[in-house]
Amino acid sequence: MKSVSAVIPVKNGERYLQELLAALRREGVDEILVIDSGSRDRSLEIARAAGVELLEIEPGEFGHGPTRNLGAERTIGELICFLTQDATPCPGWLDAYREAFALDEHVGAAYGPHLPRADTSPMIARELTEFFAGFEVDRASGNGTAGHLLHIPALQRPGDSTFLSNVNACYARDCWEEIRFRDVDYSEDQAFGSDLLDAGWVKVYHPGAAVLHAHDYGAIEFMRRYFDEYRGLRETTGHVEPFGLLAAARDVRAAVAGDRRWVAEQGLSGLELARVSARATLHHGGRRVFSALGSRAAQIPGPVSSLLSLEGRSGSAIAAPATDSPPQASPLAPPKHLPQLLPHDDYSVVTDVWREGATPLLEPVPGMAERERLRLAMVIPPFARGSGGHNTLFQIFSRLERRGHSCSVWLADYHNQLREVWPAVLRHDINEFFASFQGPVYKGFDQWQGADVVMATGWQTVHAALRLDQCRARAYVVNDHEPEFFATSTERVLAEDTYRHDLHCIAASPWLRDLLIERYGASADAFQLGVEQEIYQPRPVERRTDTVVYYARHSTARRAVPIGLLALTELHRKRPDLRIVLFGSPDIMYAAFPYESMGLLSPTQLSWLYSEATVGLCLSLTNFSLMPKEMLACGLPCVELAGVSAESIFGEDGPLELASLDPRAIADALELLLDDPERWERRSREGIEFVASHTWEHATDEVEAGLRHALREREASLTPSA
Amino acid sequence: MDPTHPATDMSNGSSLTEAQAENERLRARVASLEAELVETQARTDAVVGQWQERAYWLDRWHLDLNALMRRPGASELREVLKALRAVAWRIKRVKRRLMSS
């Protein structure tokens, strides 16, 4: 059973203190600390007589947040209860809190209702009762009638109410140590409630953890208290209480009617009802005015503000600092104060790597690179249907799995793009979109189990992979030179950074491998993208002699679609009867020539299109696309850009027709294939022959060799050089 | 100790052989443990993978059975459902017996 400490800040609290301390003893609290900040009544005497720990501080040292932090520091209970000096726990209070914390291991705080005392004014009694009943409504199967509430504890998670009240609340010490109360003038509990949910903790409202409590102020005192309360809310949450005469009158009338109804239900009538109505009108009217004034305290002169405040405090924490010069109207609009909105920054893992470096790898074991079966963990970025990079990864990873390696997939999702997609659905989508995968798919790394090789696969996955522990080696399957995907930006900088962390790179072309070695000094191997030969093959359809098919995926900037369209415009000008077919994008392309749009096509549909067309066109400004290989596999000669990556795959005079990045040169290259049957025939034949050896099995061999290379590099670090 | 003394040589040679043998034994043990680890991991992966296959519709509709079972009354409801299922099975059995007789 968890030990419990109770902390009660006190100042002139003699009225209920003895009753409160007796109730705590009755409930079985292990440790009681009273923090007195300058009482001039019998509070100290009562505390001493009760035999509780007593800490005296100067009145000027008191702060709602700091004093409670001090109380938590001075006590040792695993649970810390905070009560105000006028809140008396009801029987069962502590059992209810214990039950609340047993509901979930992530419960950081719990709170209970404030029940009115017998002499509490009807307005406050009704307000308290209805306010706390509101937390139970969701649990009452939609039946919000107070008489039908289930009176069961309610777990509150991010998105639920952030309400928390230190009149009667209990905190897990771990949670308090992580968050602590802010040093604010007021509403430190509300701020804690918000911070707690943002940090991933949950809280519990437990109707059984009740205290008798009421602020039995007079009408004017109530108003001044509301002034303080709303000033505090403005300072902590930025809330500005709206105020309009008509709306206020309407609200006051409704509130008074509610009070009258409630009082009538309690059996009062006649003169008593009239008296309550008058008092309620004053109370609610004063509340509207003083709460509006409180949230605008920064604009109220200090002495006036001091008069309006029950605490006697002038000004506001958000007021501009005083200067010697006469105050001038600031041109700045009041700032909007926002609480912490995220548990952490999207790229916080990058900071972790920069600050603390990569998590050390496990000691290498001699011979580990040659073991038949390896434990492989692939970290992937978020994906969607049609992602070429993910298709490559899963074509290979599914084959590694079939070879007997133990394979798992881990999603690193910086921006929570796939927040709504749960792991089993991710796994299903991988199987539907890319390739058959039997292993587990995890979101995030809470269940991380270690691996022989952890494989980063995109720039967004590298820093996360660097922080994973229990790994023998790290490798980086690089599909493309991703910094080139971005203009000058954070993403570009971070993508470049990924090549500088000594991960062994396995690049998707010799061009890319050489670039990684030369520009970043990385250790790198290469693999050749495979082609699904059973799909991409010449289909039994008559080959046309007038058709150019173009992979016009406009959304992928590195496909240089505007250049391709210019080339086709040029070609159309020379050969108006040419049939032009665009595919790869669901959108209508605004082109200066007539064309047929095929939209997005499945692999099988593509193979039929390639088998019927005369010439293909696909442009790659960075690493080459798989598309030309698939076209070649169907016997379709095609044109690619010269001088980038294609030569490293196909050679300078291989099966591809290469053209410089000039629309006229591209149009000429297309025309050459359209006009020269002998050339067309040679390219087509050579293409089929070339691609025949480019299988996914072969790509898997190369990637597997790269993974073993990463392990061998680790082993080599064991052996001192001769 | 004189390292050139024949007796010392013999002793060194023998302890070297022992050390090598011990090394070999330890390496073999490490290899066997590693193979065991991969096997265990593969089995775990297969089980989690199969469970994810079965949990597709639960995840598709964001149903967390653990959270559901933590709700008050969930265990009791499950017991009631199990009892109802047992009754349904019994009725089926009796019906089948009556039909076959």
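Convention: sequence-line order gives letters A, B, ...; per-chain numbering from 1.
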Heavy-atom proximity to chain B below 4.5 Å, by part of A:Leu103: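 The backbone, not the side chain.
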Heavy-atom contact with chain B under 4.5 Å, split by part of A:Asp452: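 When you check distances to chain B, only side chain atoms of A:Asp452 fall under 4.5 Å.
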Part of B:Arg70 lying under 4.5 Å from any heavy atom of chain A: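 Just its side chain gets close to chain A.
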NZ/NE/NH1/NH2 to OD/OE distance under 4.0 Å, [X] and [Y]:
{"X": "A:Arg403", "Y": "A:Glu372", "answer": "no"}
{"X": "A:Arg712", "Y": "A:Glu715", "answer": "no"}
{"X": "B:Glu39", "Y": "A:Arg373", "answer": "yes"}

Chain B contacts, top residue of A:Gln438, A:Glu420, A:Met368, A:Glu401 (heavy-atom pairs, under 4.5 Å):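 Among A:Gln438, A:Glu420, A:Met368, A:Glu401, the one with the most close pairs to chain B is A:Glu420.
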Closest-packed option against chain B by number of heavy-atom pairs under 4.5 Å, given A:Cys407, A:Gly404, A:Gly367: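 Max contact count across the listed options: A:Cys407.
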Aromatic plane relationship, A:Phe394 with A:Phe383 - under 30° parallel, 30 to 60° tilted, over 60° perpendicular: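 A:Phe383 and A:Phe394: perpendicular rings.
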For A:Ala710 against A:Ala475, the heavy-atom pair lying closest together: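 Nearest heavy atoms, A:Ala710 then A:Ala475: CB-CB, 4.3 Å.
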